Number of protein chains: 2
Amino acid sequence: MPQKISRLADFLPYLLSVTSNAVSGRIADEYALRFGLKIPEWRVMAVLGDAGSRTQRDLVGATLMDKVAVNRACKVLEDRGLATRSPNARDGRSHHLELTEHGRTMHGQIMPLALEMEELLFAALDADERAQFKVLLGRLRAHVRTMGGNEHGTDDGMEEFGA
Amino acid sequence: MPQKISRLADFLPYLLSVTSNAVSGRIADEYALRFGLKIPEWRVMAVLGDAGSRTQRDLVGATLMDKVAVNRACKVLEDRGLATRSPNARDGRSHHLELTEHGRTMHGQIMPLALEMEELLFAALDADERAQFKVLLGRLRAHVRTMGGNEHGTDDGMEEFGA
DNA sequence: TCAAGGTAGTCTCTAATGCAACCAAATCAC
DNA sequence: GTGATTTGGTTGCATTAGAGACTACCTTGA
């Protein structure tokens, strides 16, 4: 019998962090193995494949990643022929990014794997629990964002990227 | 009205990661500001203050951090006079780490702040929801750990460090 | 039309994180 | 005991993430 129970183990932020790392780690491994993609690259592909042509700025808003991270991910995707940039007629500073045919094909494989991974990782939770979990995460994130110095500049939602 | 809803935003691992980062970031800021401590250092202090004298190996098990991270955190704590190492009679390779008086004093300030932060960050969730959230995180983590290649070597629990 | 200020994207430098190789002490095999 | 293997701890290296500066371009307001 344990002599002492750690209060660390009861500390929600700790539990959250450890769990998140475990989940992310597993996914990162899987994507690296199967597609040679890192998480940032994968996220960008997910958004592009789903939403079509976007600027880097849009991608920052959609993925909540740093603009540098987005930039690097885009560059990798472009170098690998998974995405292309075309000039933005409206704004000479930015480009539109879009998946290539190759990118689209890969996206077609990637999304099912994502869902499969989600299924596998969250198998310990039934449908209701997952829904509940998602709601709690959403509320938590929204709340944390409102409090304190808003962290990383661009702080608009990720919920929509309507045209 | 949004034209399209991102599937990324519905992807649980993504939501988990983003939320966890937001929470961790806020806490990290707070501890850096008030005590000049980083998360790994804080975790080690939390365990030492709570459990008394431990070896680095124990700390790895208790914090689920890399042994290198633990080592570095310990070194910082020692350099700052918050913890001391004393030889381990049983094993010449390792030392016992323990908070100094100074460290203990700081620990006395740190833990209330931790609880305060938890309260503040999780204000968006009521008591039941927090309990539920904790249960779900626990199940999730336990499940993820069982699947796939067990990641980072040492994989014993964090739930007990009995004598 | 021109200056002033703001924004998208890029580059660079530094800090943080994790891994692999390593050393020293302990344990095991004989 | 002596050599081989394991384990706690440490160091160094490679990878990653983030802050800041910088360029090119846009927008506004005179």
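This is a predicted model, so every value here is computed, not measured. Below, chain A is the first sequence line, B the second, and so on; all start at residue 1.
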Checklist line | side chain to side chain donor-acceptor pair (under 3.5 Å) partners of B:S94, counting only residues at least two apart | finding: B:N88
Next item on the list: Tell me, please, which residues at least two apart from A:T55 pass side chain to side chain donor-acceptor pair (under 3.5 Å).
Entry: A:D58
Check: Could you write nucleotides 10-17 of chain D as a row of B, S and -, 5' to 3', where a protein heavy atom under 4.0 Å of any base atom gives B, of only sugar-phosphate atoms gives S, and otherwise -?
Finding: BBB---SB
Next item on the list: Work out which heavy atom in A:G81 is nearest to a heavy atom in A:T100; give both atom names and the distance.
Entry: O-OG1, 2.7 Å
Notebook entry, point to check: Mind checking whether A:L113 and B:F11 sit in one hydrophobic cluster, side chains of I, L, V, M, F, W, Y counted as touching below 4.5 Å?
Noted result: yes
Item checked: Bend angle of the helix from C:dT1-D:dA30 to C:dC30-D:dG1, from helix axes over five pairs at each end, nearest 10° -> 20°
Table please: side-chain donor-acceptor pairs of residues 37-47 of chain B below 3.5 Å, with sequence neighbours left out.
{"residue": "B:E41", "atom": "OE1", "partner": "B:K38", "partner atom": "N", "Å": "2.9"}
{"residue": "B:W42", "atom": "NE1", "partner": "B:Y31", "partner atom": "OH", "Å": "3.4"}
{"residue": "B:R43", "atom": "NH2", "partner": "A:S17", "partner atom": "OG", "Å": "3.3"}

Residues 125-136 of chain B side chain polar contacts: donor-acceptor under 3.5 Å, at least two apart:
{"residue": "B:D126", "atom": "OD1", "partner": "B:D128", "partner atom": "N", "Å": "3.0"}
{"residue": "B:D126", "atom": "OD1", "partner": "B:E129", "partner atom": "N", "Å": "2.8"}
{"residue": "B:E129", "atom": "OE1", "partner": "A:R139", "partner atom": "NH2", "Å": "2.6"}
{"residue": "B:E129", "atom": "OE1", "partner": "B:D126", "partner atom": "N", "Å": "2.9"}
{"residue": "B:E129", "atom": "OE2", "partner": "A:R139", "partner atom": "NH2", "Å": "2.8"}
{"residue": "B:R130", "atom": "NE", "partner": "B:F122", "partner atom": "O", "Å": "3.3"}
{"residue": "B:R130", "atom": "NE", "partner": "B:L125", "partner atom": "O", "Å": "3.0"}
{"residue": "B:R130", "atom": "NH1", "partner": "B:E119", "partner atom": "OE1", "Å": "3.2"}
{"residue": "B:R130", "atom": "NH2", "partner": "B:F122", "partner atom": "O", "Å": "3.2"}
{"residue": "B:R130", "atom": "NH2", "partner": "B:L125", "partner atom": "O", "Å": "3.2"}
{"residue": "B:K134", "atom": "NZ", "partner": "A:D10", "partner atom": "O", "Å": "3.0"}

Next item on the list: Starting from P on C:dG18, measure out to CD1 on A:I39 and report it in whole angstrom.
Entry: 15 Å
Notebook entry, point to check: Is there a path from A:V68 to A:V70 through hydrophobic residues (I, L, V, M, F, W, Y) whose side chains come within less than 4.5 Å of each other?
Noted result: no
Nucleotide N/O of nucleotides 24-29 of chain D paired with protein N/O under 3.5 Å:
{"residue": "D:dC26", "atom": "OP1", "partner": "A:G92", "partner atom": "N", "Å": "2.7"}

Note to self: Distance check needed: C:dA16 P versus B:M65 CE, whole Å only.
What the structure shows: 15 Å
Check: Is there a donor-acceptor pair closer than 3.5 Å between any side-chain N or O of B:S20 and the backbone N or O of B:L16?
Finding: no
Write out a two-atom table: protein N or O, nucleotide N or O from nucleotides 1-5 of chain D, distance below 3.5 Å.
none

Checklist line | Under the side chain to side chain contact (heavy atoms under 4.5 Å, CB included) test, residues paired with A:R85 that sit two or more places apart | finding: A:Q56, A:N71, A:C74, A:K75, A:E78, A:H95, A:L97
Taking only distance into account, with no hydrogens and no angle test, what donor-acceptor pairs under 3.5 Å do side-chain atoms of residues 102-109 of chain B form with protein atoms, sequence neighbours excluded?
{"residue": "B:R104", "atom": "NH2", "partner": "B:L99", "partner atom": "O", "Å": "3.4"}
{"residue": "B:T105", "atom": "OG1", "partner": "B:E101", "partner atom": "O", "Å": "2.9"}

Note to self: Would you say that B:V60 contacts B:D66 through its side chain, given a criterion of any heavy-atom pair below 4.5 Å between the two side chains?
What the structure shows: no
Next item on the list: Specify the separation, in whole Å, of atom CG of A:D66 and atom C1' of C:dA15.
Entry: 14 Å
Notebook entry, point to check: Which whole-number value in Å describes the distance from A:L97 CG to C:dG9 P?
Noted result: 8 Å
Checklist line | side chain to side chain donor-acceptor pair (under 3.5 Å) against A:R34, all qualifying residues, sequence neighbours excluded | finding: A:E30
Check: Between C:dT10 atom P and A:R57 atom CZ, what is the distance in whole Å?
Finding: 15 Å
Item checked: Between C1' of D:dG8 and CZ of B:R54, the distance in whole Å -> 16 Å
Item checked: Residues forming a side chain to side chain contact (heavy atoms under 4.5 Å, CB included) with A:A124, sequence neighbours excluded -> B:H143
